[in-house]
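These values consider heavy atoms only, across backbone and side chains, with no hydrogens, waters or symmetry-generated copies. Within every chain, numbering begins at 1; the chains are lettered A, B, ... in the order of the sequence lines, protein sequences first and strands thereafter.
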There are 2 protein chains.
Amino acid sequence: MSMNIGEAAKASGVSAKMIRHYESVGLFPEAVRTESGYRQYTDKEVSTLRFVRQSRDLGFSIEQIRELLGLWQDRMRPSRQVRALAQAHIEELDEKLKELQSMKATLEHLVHCCHGDDRPDCPIIDSLAQERRGQEKSPTAATGLGHRRTTGLQVGRRARQSA
Amino acid sequence: MSMNIGEAAKASGVSAKMIRHYESVGLFPEAVRTESGYRQYTDKEVSTLRFVRQSRDLGFSIEQIRELLGLWQDRMRPSRQVRALAQAHIEELDEKLKELQSMKATLEHLVHCCHGDDRPDCPIIDSLAQERRGQEKSPTAATGLGHRRTTGLQVGRRARQSA
DNA sequence: TGTCGACCTTTCCACCGTTGTAAGGTCAAG
DNA sequence: CTTGACCTTACAACGGTGGAAAGGTCGACA
C-alpha cells in the first residue's frame with residue numbers, strides 16, 4: 001500500500017527524478033514523508049502519476065496537465081472544458097505537423113534532385129546557399145517553406161526508462 | 001561592404017543575438033573587430049549566415065549545420081555526403097512526424113468520443129486516468145501510441161523577428 | 001562641448017522537459 | 001560493521017532562442 005519513490009516510479013512509468021520535479025513545480029502535492037525523509041506513495045498517488053504520464057505521452061505540456069488534473073479531480077466539470085483543452089492541443093500538434101511536413105517536403109525534393117554520387121555539384125547545398133530572399137508578406141513562396149520560426153510546442157521526449 | 005552586426009543580422013535574417021551565439025559555439029569564425037570592438041561583416045559572411053538560416057529553417061541542428069558548412073566550403077565533396085546528411089535528417093523528421101500524428105490521432109479519437117457538453121462524464125479524462133499498462137514488448141497497442149518517449153530531435157523555434 | 005538616441009559590447013537568466021552527476025543519509029541483508 | 005541498493009538535495013547540461021542588465025561607442029544636433 002505504501003511505497004518508496006522508486007516503486008511508485010516503476011508502477012506509474014514516471015521516473016523518480018520526474019516525480020520529484022513535478023512535486024517541486026507544484027504539479028503534484030508534496031508527498032508524505034517517513035521519519036527519515038523518504039517520500040511515501042499510495043496507489044491513489046500512483047494513479048495520478050499515471051494520469052500525468054498518459055497526458056505527457058499525448059504531448060500535453062505541464063501547464064495543460066495542471067489544468068487536466070484540476071478537471072479530473074472536479075467531478076462536476078463540464079466535459080466541454082476537457083474537450084476544448086484537447087481540441088486546442090490538437091491544433092498545436094497540427095501546426096507542428098504542418099511545419100515538419102513542409103520541411104520534409106522541401107528536403108525530399110532536394111534529395112530527389114541530388115544525384116548523390118562522387119561528383120561535387122549538389123543542388124541541396126546550392127539551395128541552402130541561395131539567397132532566396134523571401135520574408136515578404138506571402139509566406140508560401142518557392143519551396144512552400146516560410147522561414148518563419150515556429151510556435152515552440154514541446155514535443156520530444158527522451159528514451160524510455162522507468163526507474 | 002563592411003557592416004556592423006545589426007546590418008548583417010538584417011541582411012541575413014539571423015538575429016544579432018544568434019550571430020554572437022553561433023560565433024561563441026564555433027559554428028562561425030570570430031568576426032573581425034573595429035578598434036572599439038564592434039564586429040565587422042562582409043557580404044561573404046552574410047552569405048554564410050544566410051546558409052545557416054536556410055539550414056535552420058529546414059530543421060537541421062547546429063551540429064548538422066556545422067557539417068553542412070564544412071561540405072559547402074569543400075569544393076571537392078562528393079554530393080553523396082550531402083545527400084546522406086539530408087536523408088538522415090528526413091528520417092528524423094519522419095520519426096517526429098509519426099509521433100505527432102499518433103498523438104493527434106489518439107486525441108482526435110478521444111475528442112470525437114466526448115460529447116463536450118455540460119455533463120461531467122468525459123471519455124478523454126477517463127482515458128487518461130485508465131491504467132492501460134502497456135510497456136510490454138509490442139508497442140503498437142490499443143491507441144497506437146506506444147508510451148515510449150521519443151528521440152529528442154530539436155524541432156520548434158520561436159516566433160520570427162529578424163533583427 | 002554636452003547630450004541624446006541608436007547602436008554595440010558582455011554576462012547572466014528564463015524557457016521547456018528530462019537526464020546526469022555529486023555528495024551525502026538510510027535501510028536491510030550478510 | 002560493511003556492503004549495496006535505495007533515498008535525499010542541489011546543481012548543471014542539453015536544444016535554440018529571447019530578454020534584461022550595465023556598460024562603451026558613434027554620429028548628429030544644439
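In terms of phosphate contacts, B:R33 brings no side-chain nitrogen or oxygen within less than 4.0 Å of OP1 or OP2 of C:dC8. Listed pair A:Y22 / C:dG17 fails the phosphate criterion, with no side-chain N or O lying under 4.0 Å from OP1 or OP2. Side-chain nitrogen and oxygen atoms of B:S15 include at least one within less than 4.0 Å of the OP1 or OP2 phosphate oxygen of D:dG18. The phosphate of C:dT10 has OP1 or OP2 within less than 4.0 Å of a side-chain N or O from B:R39.
We find that NE2 of B:H21 is positioned 15 Å from P of D:dG19, with the value rounded to whole Å. The distance from atom CD1 of B:I5 to atom C1' of C:dA6 is 15 Å, rounded to the nearest whole Å. Put simply, CD1 on B:I65 is 10 Å from C1' on D:dG16, counting in whole angstrom units. Atom CD1 of B:I19 and atom P of C:dC8 are 9 Å apart (whole Å). Put simply, NZ on A:K10 is 11 Å from C1' on D:dA5, counting in whole angstrom units. Atom pair B:N4:CG and D:dG24:P shows a separation of 18 Å (rounding to whole Å applied). As a whole-Å value, the separation of B:E7 CD from D:dG27 P is 12 Å.
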Nucleotide N/O to protein N/O under 3.5 Å, stretch nucleotides 26-30 of chain C:
{"residue": "C:dT26", "atom": "O4'", "partner": "A:Y38", "partner atom": "OH", "Å": "3.2"}
{"residue": "C:dT26", "atom": "O3'", "partner": "A:S36", "partner atom": "OG", "Å": "3.3"}
{"residue": "C:dT26", "atom": "O2", "partner": "A:Y38", "partner atom": "OH", "Å": "3.4"}
{"residue": "C:dC27", "atom": "OP1", "partner": "A:S36", "partner atom": "OG", "Å": "2.8"}

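Of the candidates C:dT21, D:dG16, C:dT9, the closest approach to any side-chain atom of A:K17 belongs to C:dT21. When distances are taken from the side chain of B:R20 to each of C:dT10, D:dC7, C:dT19, the shortest belongs to C:dT10.
The residues B:E30 and B:R39 are annotated as not salt-bridged, no charged nitrogen and carboxylate oxygen being separated by less than 4.0 angstrom.
The shortest heavy-atom contact between A:P123 and A:C113 is CG-O, 3.4 Å.
Remark: side-chain polar atoms of B:T42 are not paired, donor with acceptor, to backbone N or O of B:S2 under 3.5 angstrom. Looking at A:Q54, its side chain does come within 3.5 Å of a backbone N or O of B:Q130 through a donor-acceptor pair. Looking at A:Q73, its side chain never comes within 3.5 Å of a backbone N or O of A:G70 through a donor-acceptor pair.
The only option from A:E95, A:M103, A:Q101 that meets the side-chain contact (heavy atoms from CB on, under 4.5 Å) definition with A:E99 turns out to be A:M103.
Judged purely by distance below 3.5 Å, without hydrogens or angles, the side chains of A:E92 and A:Q64 pair a donor atom with an acceptor atom.
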